[in-house]
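Inspection log for the structure reproduced underneath, given as structure tokens.
Below, each value reflects all heavy atoms present in this structure, side chains not excepted, and no hydrogens, waters or symmetry copies. Just so you know, these numbers come straight off a predicted model, no measurement behind them. Proteins get letters first, then strands, A, B, ... in listed order; numbering begins at 1 in each.
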2 protein chains.
Amino acid sequence: MVTSEQVARMAGVSRATVSRALNGSPRVSAEARKRIQEAIISLGYEPDVVAQSLVRQRSRTIALCLFYGDQKSTVFSSFGETQHYFYLDLLRDVEQEIAAARYDLLLPSSPYAAKNYIRSLQMRHVAGILAIAMNPADERVKALLEAEIPTVFIDSLSQGRNSTYVTSDNLDGSRQATEHLIQLGHQRIVTLISGTDGPIGSARLTGYRQALQQAGLPVDEQLVYASGWNTEEAYQTTLTLLQERQPRDFTAIVAGSDLMAIGVLRALHQHGLHVPGDVSVVGFDDVDLCRYTEPPLTTIRQDRSAMVQGAIQRLISMIESEDEHDAPVLSPIIIPTQLITRASTGSAALPE
Amino acid sequence: MVTSEQVARMAGVSRATVSRALNGSPRVSAEARKRIQEAIISLGYEPDVVAQSLVRQRSRTIALCLFYGDQKSTVFSSFGETQHYFYLDLLRDVEQEIAAARYDLLLPSSPYAAKNYIRSLQMRHVAGILAIAMNPADERVKALLEAEIPTVFIDSLSQGRNSTYVTSDNLDGSRQATEHLIQLGHQRIVTLISGTDGPIGSARLTGYRQALQQAGLPVDEQLVYASGWNTEEAYQTTLTLLQERQPRDFTAIVAGSDLMAIGVLRALHQHGLHVPGDVSVVGFDDVDLCRYTEPPLTTIRQDRSAMVQGAIQRLISMIESEDEHDAPVLSPIIIPTQLITRASTGSAALPE
DNA sequence: CTGAAAGCGCTTACAG
DNA sequence: CTGAAAGCGCTTACAG
């Protein structure tokens, strides 16, 4: 293996100088720098990142930690589970952003709980943590909040001494969705909503209410249907809804997510109801699938790139500010959402 | 941070003894071992894996390297690209198996090519590499074959001094698929096949031919249609096929993969042809989606768990045999495939 | 069975 | 601008 020792010898300098040159220190003469560069190239030298991590007490690695409800599940294990579809979509950007920042992505194998969980991450000298906590009650999440390691959460509104979060403007998104329907003449608007005990679901529910109130429409709590985040449950809930209600008793549905909307569409279709002729449907997220539903789904776009860019940027600034004893910026980032109009929404059917 | 020094002091032994106890050396007295255990627990000690990696010159990390055609693409970037669907499905098992073996999974950010690519992996002291090379011509793949790092490829028939591979019995699978159709009375069987210049595609094509020959049926090369691995291309190719051929000129289609079969089904459906009434269709892979196609797809199952288990097992035995100067087992693993009969195949329509 | 010492490959005050 | 030295936290011959 080629070490800095060999580079130093070839360039006729000490290892200290090689190290300085490598790390862009200004305290290296132009000639020395040049000779070192040449030696590095001719020897094909690459610094040993493990040794660097040891002495710096930090590696160029960011751990990706997902906490589903289930303790045992892993990052990839939720492939195909519709309730997590959006986050998996997000990982694409995560990987790219982290690579662009020249960090590695680590998926830690962690059979640990709470206290030891953090310690095991510390012992890997991860520089930072990107966490997606579907289940904020997980004790590992709480441990993370008290840890020294810079952490950015996505969608869990969790802040700590060394952690912050990024999320979409869920409230405003849901408000836009509902407002869009109101502008199309809808008045009796059902919402199929999930996780109202969590930050995402409750914000979306509030947005729905707000839009109605702003339009001076009554908020009928009977029109709020609780469901799970996945397609199947949304499908079942819609079936129930269709049994309970007369056709013209409502003319539109705001779904809690796109994958839920897909279940809604299926149930409506099965009951012979036409979208948007009989019922308009709006989703949330704007996952790729929206384009291919029948009909293509009007939805609220969450700006995944902006979310991930924001998260990684914050994370890296937290990591690097530690070095310089700056106060790191810990304010959360809220990313704007945007209505994407496709074919699943239309004018309210006129009352007969 | 708690170090082995502190554990040693508390237990009244030297760091060397702590290290031995930790690594299960037999050369530690029962009493010492006990005191060390207690100290570890009471201090909440966790060894520094970075320091361990440095001195052992190896970390407990396995790198996951995917090589798509495109140099720039990353692991997650192929989400939603139908031609890679099977491999993404595979990653679920990869993550679990690696975690079960108590290794971490690293997704290296590698803007390097060839020579430096290997070196950067070496400098991370990865223990082994799991590689999926859709594009075996990638120069990084060649470099990997000559590297010191133990490597297991999935589906690229690449062996080197420190590498081997695992793959399904693609030939036999395709043979089974075709045989199944023959037993149902089909004689004019089209195959829609991809990548016949690669190991997977060519094995599947050979299996198709073999089944026909074994049944004493003629092999009509006109019935072999080349396509891409993705749904869209398979769809287009089937459209072409349907323009070229009379309805009864063929009664069954063997698709190169499930995702291709989905394109085939769509094209047949669009032409008003009934499956399996008019045409029987067989896929390959048995991805989760097969259950939800209309009709549910008869296919050849690749045993993903067995593939991944085999791969990880081989990899770990390669990693660990190095230590003991055993000759590592480098023979490839071929996993049997199995016909799964669902509803897309049926008796051949009788000639009128 | 145990400990003192050397060493893994790097970085970073410190002194010049 | 540069080098000698100490040190990051561990493991492993070596000697006893």
Could Glu31(B) and Arg35(B) be called an ion pair, given the rule that one side-chain N must be under 4.0 Å from one carboxylate O?
no
Short side-chain N/O contact from Arg15(B) to OP1 or OP2 of dC10(D), under 4.0 Å:
no
Salt bridge flag under 4.0 Å for residues Arg9(B) and Glu5(B):
yes
Using a strict 4.0 Å threshold on nitrogen-to-oxygen distance, state whether Lys34(A) and Glu38(A) make a salt bridge.
yes
Identify whether any heavy atom of Arg20(A) sits under 4.0 Å from a base atom; if not, whether one sits that close to sugar-phosphate; answer base, sugar-phosphate or nothing.
base
Measure from the side chain of Val28(B), starting at C-beta and using heavy atoms only, and say which of dG9(D), dG9(C), dT2(C) lies closest.
dT2(C)
What's the closest nucleotide to the Pro47(A) side chain, out of dG9(C), dT11(D), dC10(C)?
dC10(C)
If you compare every side-chain N and O of Ser14(A) against the phosphate oxygens of dG3(D) (OP1, OP2), does one of them come in below 4.0 Å?
yes
Watson-Crick/G-U partner (both atom distances under 3.5 Å) of dG3(C):
dC14(D)
Which one, dG9(C), dA4(D), dC10(D), comes nearest to the side chain of Asp48(B)?
dC10(D)
Nearest heavy-atom pair of Pro150(B) and Leu315(B): which atoms, and what distance?
O-CD1, 3.5 Å
Starting at atom NE2 of His125(A), determine the distance to atom C1' of dC10(C), rounded to an integer number of angstrom.
14 Å
Protein-nucleotide distance (Leu22(A), atom CG; dT12(C), atom C1'), rounded to Å:
14 Å
Residue Arg27(A), side-chain heavy atoms: nucleotide from dC8(C), dC1(D), dA4(D) that is nearest
dC1(D)
Contact class for Val18(B) vs. all strands (heavy atom < 4.0 Å): base, sugar-phosphate, or nothing?
nothing
How far apart are the closest heavy atoms of Val141(A) and Ala133(A), and which atoms are they?
CG2-CB, 3.8 Å
Value in whole Å for how far the C1' atom of dT2(C) lies from CD of Glu31(B)
12 Å
Using a distance-only test with no angle check, is there a side-chain donor-acceptor pair under 3.5 angstrom linking Arg15(A) and Ser19(A)?
no
Presence of Gln57(A) side-chain N/O under 4.0 Å of dG7(D) phosphate oxygens OP1/OP2:
no
Under 4.0 Å between a side-chain N or O of Ser29(A) and OP1 or OP2 of dC1(D)?
no
Would you say dG3(C) has OP1 or OP2 under 4.0 Å from some side-chain N or O of Thr17(B)?
yes
Looking only at side-chain N and O atoms, does Gln52(A) come under 4.0 Å of OP1 or OP2 in dG9(C)?
no
Categorize Thr3(A) for me: base, sugar-phosphate, or nothing, with a 4.0 angstrom heavy-atom threshold over every strand shown.
sugar-phosphate
So, OP1 or OP2 of dC10(C): does either fall under 4.0 Å of a side-chain N or O from Tyr45(A)?
yes
Whole-Å distance separating the NZ atom of Lys34(A) from the P atom of dC1(D):
17 Å
Rounded distance in Å between the C1' positions of dT12(D) and dG16(D):
16 Å
Would one find a side-chain N or O of Ser4(B) under 4.0 angstrom from OP1 or OP2 of dC10(D)?
yes
